[in-house]
Colleague: 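Sharing a structure with you now.
Residue numbers start from 1 in every chain, and the chains themselves are labelled A, B, ... in the order their sequence lines are given, proteins ahead of strands. Note that the structure is a prediction, hence the values are computed from the model and not measured.
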2 protein chains.
Amino acid sequence: MRIVAISDSTHSAVDGKKTSLSQPNGGNGARTWTMSDIAEATGVSVKTVSRVVRGETGVGAKARERVSEFIAKVGYHPHLGARSMRQSMRDCIGVVIPARIDEVPVSQQFFTRLFAQLYQTFGLKGKYLCFDMNPYERGPADYARGLWEQRFSGCVLCGPLSTDDTTVHRIHASGAPYIALGRLDSFPECSCATVDYDLAAYQSTEYLIKRGHSRIAMLKGFEGYQPGVERLRGYMRALDAAGLAYDPKLVHSASFGANDLANRTYRLLIESNVTALIDASGAEDAESIRVGCQRAGRIPGRDIELLSWTYTDSAAVLKEACAHMWLPVWEAAVVGLEQFAEWFEGKRQGPIQVVFPPTLYEVVTKGEVQKPQHLFELLG
Amino acid sequence: MRIVAISDSTHSAVDGKKTSLSQPNGGNGARTWTMSDIAEATGVSVKTVSRVVRGETGVGAKARERVSEFIAKVGYHPHLGARSMRQSMRDCIGVVIPARIDEVPVSQQFFTRLFAQLYQTFGLKGKYLCFDMNPYERGPADYARGLWEQRFSGCVLCGPLSTDDTTVHRIHASGAPYIALGRLDSFPECSCATVDYDLAAYQSTEYLIKRGHSRIAMLKGFEGYQPGVERLRGYMRALDAAGLAYDPKLVHSASFGANDLANRTYRLLIESNVTALIDASGAEDAESIRVGCQRAGRIPGRDIELLSWTYTDSAAVLKEACAHMWLPVWEAAVVGLEQFAEWFEGKRQGPIQVVFPPTLYEVVTKGEVQKPQHLFELLG
DNA sequence: CTGTTAGCGCATTCAG
DNA sequence: CTGAATGCGCTAACAG
């Protein structure tokens with residue numbers, strides 16, 4: 001067991017010179033060494049110490065060894081704040097939430113997968129991950145503040161973008177590497193990795209129209225966010241292509257915080273002549289849909305045809321549904337993160353554009369998915 | 001939609017003065033403003049700008065408004081590197097892994113709960129969480145490097161400590177607020193929030209002895225880590241108290257990476273005269289234990305008595321077990337994190353010492369827990 | 001109430 | 001191969 005040597009004969013000259021303000025907790029702790037301390041103690045110049053620390057050439061073998069040993073002995077580490085004033089922080093990736101964390105359904109599953117992926121891509125290479133949880137304490141905060149503050153030099157926007165988001169434009173304009181796990185109509189150049197929700201809605205609607213339905217209801221999530229807009233647009237396009245009129249009463253938005261999915265389902269199903277329902281809520285909540293159907297006196301497969309969206313390949317949210325739309329959100333994120341890592345490391349240029357198409361299944365192989373638990377639900 | 005105004009008549013004088021090195025990606029991005037830029041543009045001194053930014057008194061209403069507006073307009077943010085040279089970083093908490101992430105069983109459940117808790121405690125207050133994944137690329141890395149580098153000024157050590165850990169001593173000596181989710185025999189002063197595994201092992205063994213067993217096997221995890229040491233010590237103390245001899249053949253360590261739990265169980269059970277088994281592996285893997293029993297030709301409750309450890313209140317890993325030991329690891333972490341937050345904010349002193357006792361259940365109310373999925377299993 | 005100035009620790013010229 | 005000097009953006013002590 002070796003504790004940092006506080007006093008050492010080699011540098012008795014600098015003894016008690018100053019109590020650095022930047023000491024962790026300004027107390028009885030071990031002293032914080034600076035390059036000039038090291039230089040003084042080892043009898044070389046600051047620049048030589050710098051060369052050794054940064055592994056540069058231009059230092060004699062003897063001097064290098066002496067400095068290296070001393071550095072190891074006292075446990076010197078360069079001050080990153082000081083370093084960041086001369087160069088950008090290329091060892092820290094920001095992970096920021098561009099939406100209220102309790103407004104969007106960040107599932108436990110998705111979050112831990114994302115974290116594991118970030119661990120593999122960056123953590124294993126010794127890089128830091130810096131999370132900014134975007135508190136929204138007094139109005140929407142600037143979720144990219146860590147970038148402006150130079151805390152990190154690139155970031156992952158983890159979550160859907162609000163339709164009126166402007167921050168992502170500023171990130172883009174800054175030239176910093178970034179990737180949004182979601183796109184934005186108003187900003188097609190946006191660096192992103194996501195799924196084509198518009199197409200998913202279009203194909204869902206088209207499928208049901210082909211099966212003879214003309215009064216198709218849709219339960220959609222993400223009100224106020226881009227994925228919500230895309231759902232509606234794709235739905236309307238499909239209706240339009242089939243020459244059907246759009247009835248706003250047939251589209252409801254469900255919020256994730258309140259558990260009103262069953263209620264929304266019920267209300268949609270008692271609308272006149274509704275014969276089919278697209279569950280594009282993203283909640284993956286079979287029970288609520290079932291309860292809603294039951295309360296409306298509808299039996300799936302007989303009185304009402306269901307089509308539900310899932311984030312899992314070949315899996316169903318509702319066994320009773322006639323078809324299942326798979327949104328490869330995770331798969332897009334993986335590809336996007338790989339490309340982002342290359343951009344961050346300077347091996348490629350940005351922006352990234354990964355938009356995966358959805359896949360419609362009629363037969364499911366993996367059974368029914370569980371209702372996911374969301375991050376904010378774990379609290380108190 | 002408003003993009004940062006690049007050129008503005010108010011400050012045409014400083015036009016094109018310099019291209020700061022610290023620009024995010026040194027390219028076509030928007031310019032990075034400094035305090036002196038703001039000062040020059042608004043006709044005040046740097047100190048006045050500083051006062052406005054930091055919300056200090058001593059600025060006239062007119063000047064304050066002018067500066068505030070300009071700052072908002074150009075999207076100025078203080079450079080944290082520069083700031084960190086004068087004061088410690090009190091808005092960033094390090095979350096570091098003091099063990100190889102693939103050597104210890106960080107369950108998805110525990111991890112997301114921890115993250116949610118950190119979000120609530122720090123994220124909501126606008127603080128950053130900086131994860132260092134401790135790569136171990138070339139030999140064990142210094143998992144507290146973020147502290148030495150002044151990247152953060154306090155940290156949570158998330159995971160068990162290695163028995164030969166020395167880094168935590170240095171963290172302690174630095175005076176920085178920290179909390180280890182695990183303790184260390186060799187370092188009783190260590191700031192920690194954990195469970196008394198020694199007591200859990202003692203009580204488990206004692207319980208089985210009282211039920212008439214004298215040949216008690218133990219399956220333990222965390223070889224090389226403190227919780228592993230405590231398991232063995234508690235087990236041995238109980239044997240000793242009852243005047244029984246310790247037989248090393250009756251204690252096996254299971255590693256988490258390899259799935260050898262069933263095999264270990266089998267091997268323990270074919271040992272001569274073993275009549276009871278403590279599953280202190282921490283794997284919460286009922287299936288492997290069952291397979292091991294079956295292969296050894298033992299039927300739980302008849303040929304062999306099982307006692308399994310769980311991390312969930314009133315829940316069982318194995319329904320067949322005669323008793324269940326609950327280790328309130330999570331509960332200790334919550335209390336510890338609260339105290340850590342207060343220490344970090346200067347509202348109390350360290351170190352923290354939260355050591356929860358385990359609880360033995362004979363009757364279980366919440367049913368059988370699922371085998372947890374671990375973070376590293378999500379990769380690949 | 002406001003401004004001037006001296007560093008913080010490091011990387012980077014530019015000289016030896 | 002080495003070192004002295006400069007400045008990054010900010011805060012704080014010290015003047016007005």
Side-chain angles (χ1 to χ4, degrees), chain A residues 14 17-24 26 31-67 71 74 76-91 148-151 153, chain B residues 14 17-24 26 31-67 71 74 76-91 148-151 153:
Chain A
V14 291
K17 199 178 68 180
K18 61 190 170 247
T19 305
S20 170
L21 231 176
S22 48
Q23 270 203 26
R31 78 172 278 183
T32 303
W33 292 80
T34 73
M35 277 195 172
S36 52
D37 292 335
I38 308 280
E40 196 173 344
T42 56
V44 296
S45 79
V46 189
K47 181 57 198 167
T48 300
V49 178
S50 173
R51 286 197 178 96
V52 172
V53 169
R54 299 165 53 82
E56 287 173 1
T57 59
V59 186
K62 255 172 64 180
R64 165 159 274 135
E65 194 189 359
R66 193 153 34 100
V67 172
I71 283 175
V74 300
Y76 164 81
H77 284 257
H79 187 300
L80 285 177
R83 183 172 273 186
S84 77
M85 301 193 65
R86 312 307 258 102
Q87 46 187 217
S88 72
M89 301 278 260
R90 303 217 66 79
D91 57 352
W148 318 137
E149 294 168 345
Q150 321 268 341
R151 197 183 287 270
S153 56
Chain B
V14 290
K17 200 177 69 178
K18 62 193 168 244
T19 306
S20 170
L21 229 177
S22 49
Q23 270 204 24
R31 80 172 277 183
T32 303
W33 292 81
T34 74
M35 277 194 171
S36 52
D37 291 337
I38 308 280
E40 194 173 345
T42 57
V44 296
S45 77
V46 195
K47 182 59 197 165
T48 301
V49 178
S50 173
R51 287 196 177 96
V52 172
V53 168
R54 300 164 52 82
E56 287 171 2
T57 59
V59 185
K62 254 172 65 180
R64 164 159 273 135
E65 193 189 1
R66 193 152 34 99
V67 172
I71 282 174
V74 300
Y76 164 81
H77 284 257
H79 187 300
L80 284 178
R83 181 173 275 184
S84 77
M85 301 194 65
R86 311 229 89 299
Q87 43 185 221
S88 72
M89 299 279 259
R90 303 217 66 81
D91 57 352
W148 317 137
E149 294 167 345
Q150 321 267 340
R151 196 183 286 271
S153 56

Colleague: In whole angstrom, give the distance that lies between atom NE2 of A/His79 and atom C1' of D/dG9.
Modeller: 13 Å
Colleague: Touch check for A/Val46, heavy atoms < 4.0 angstrom, all strands: base, sugar-phosphate only, or nothing?
Modeller: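 Answer is nothing: A/Val46 stays at 4.0 Å or more from every strand.
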Colleague: The side chain of A/Arg86 is closest to which nucleotide in this list: D/dT11, C/dG3, C/dG9?
Modeller: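 Nearest to the side chain of A/Arg86 among the choices is C/dG9.
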Colleague: Expressed in angstrom and rounded to an integer, what is the separation of A/Leu80 atom CG from C/dC10 atom C1'?
Modeller: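 Interatomic distance, CG of A/Leu80 to C1' of C/dC10: 11 Å.
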Colleague: With sugar-phosphate meaning primed atoms plus P, OP1 and OP2, does A/Val53 contact a base, only sugar-phosphate, or nothing at under 4.0 Å between heavy atoms?
Modeller: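 A/Val53: no heavy atom of the nucleic acid under 4.0 Å.
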Colleague: Between A/Asp91 and B/Arg151, is there a salt bridge with N-O shorter than 4.0 Å?
Modeller: yes
Colleague: Need one value for A/Arg51: base, sugar-phosphate or nothing, where a base atom within 4.0 Å counts as base even if backbone is also close, heavy atoms only.
Modeller: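 The answer is base, as A/Arg51 lies within the cut-off (heavy atoms under 4.0 Å) of a base atom.
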Colleague: Taking only N and O in the side chain of B/Thr48, is any of them less than 4.0 Å away from OP1 or OP2 of C/dG3?
Modeller: yes
Colleague: Assign each of B/Ala82 and B/Ala63 to its nearest nucleotide of DNA chain C by heavy atoms, then name whichever residue's nucleotide is nearer the 5' end.
Modeller: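 By nearest-heavy-atom nucleotide position, the 5'-most residue is B/Ala63.
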Colleague: Could you please name the option among D/dG3, D/dT11, C/dG9 that lies closest to any side-chain atom of B/Met85?
Modeller: C/dG9
Colleague: Could you tell me if the side chain of A/Tyr76 sits less than 4.5 Å from the side chain of A/Asp37, heavy atoms only?
Modeller: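 Side-chain contact under 4.5 Å: no.
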Colleague: Rounding to a whole Å, what distance do you find between A/Arg54:CZ and C/dT13:P?
Modeller: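 Going from A/Arg54 (CZ) to C/dT13 (P), I get 11 Å.
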Colleague: Rounded to whole Å, how long is the line connecting atom CE of A/Met35 with atom C1' of C/dT12?
Modeller: 12 Å
Colleague: What pairs with A/Glu65 under salt bridge (Lys or Arg N to Asp or Glu O under 4.0 Å), at least two apart in sequence or on another chain?
Modeller: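 Partners of A/Glu65 under the salt bridge (Lys or Arg N to Asp or Glu O under 4.0 Å) test: none.
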Colleague: Check this one for me: any side-chain N or O of A/Ser45 less than 4.0 Å away from OP1 or OP2 of D/dA4?
Modeller: no
Colleague: Does B/Ile38 reach the side chain of B/Val74, with side-chain heavy atoms less than 4.5 Å apart?
Modeller: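 Side-chain contact under 4.5 Å: yes.
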Colleague: Once you round it to whole Å, what is the distance between P of C/dG3 and CD of B/Glu56?
Modeller: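 My rounded result for the distance is 14 Å.
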Colleague: If I take atom CE in residue B/Met89 and atom P in nucleotide C/dG9, what distance separates them, rounded to the nearest angstrom?
Modeller: 15 Å
Colleague: Less than 3.5 Å between a donor and an acceptor, one on the side chain of B/Lys47 and one on the base of D/dA12, is that the case here?
Modeller: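 By the distance-only test, yes, there is a pair.
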Colleague: Taking only the side-chain nitrogens and oxygens of B/Arg83, find out if one of them lies under 4.0 Å from OP1 or OP2 of D/dG9.
Modeller: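 For D/dG9, neither OP1 nor OP2 has a side-chain N or O of B/Arg83 closer than 4.0 Å.
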Colleague: So which nucleotide from D/dC10, C/dG9, C/dT12 ends up closest to the side chain of A/Thr34?
Modeller: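 Between D/dC10, C/dG9, C/dT12, the one nearest the side chain of A/Thr34 would be C/dG9.
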Colleague: As a test of understanding, state which of A/Thr57, A/Val59, A/Val67 forms a side-chain contact (heavy atoms from CB on, under 4.5 Å) with A/Arg51.
Modeller: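 For A/Arg51, the side-chain contact (heavy atoms from CB on, under 4.5 Å) check succeeds only for A/Val59.
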Colleague: Write down the distance between CD (B/Glu40) and P (C/dG3), rounded to a whole number of angstrom.
Modeller: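 Interatomic distance, CD of B/Glu40 to P of C/dG3: 14 Å.
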Colleague: Let me know the distance between NE2 of A/His77 and C1' of C/dG9, rounded to the nearest Å.
Modeller: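 Answer to the nearest Å: 15 Å.
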Colleague: Given C/dG3, C/dC10, D/dT11, which nucleotide is nearest the side-chain atoms of B/Val44?
Modeller: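 Closest nucleotide among those given: C/dG3.
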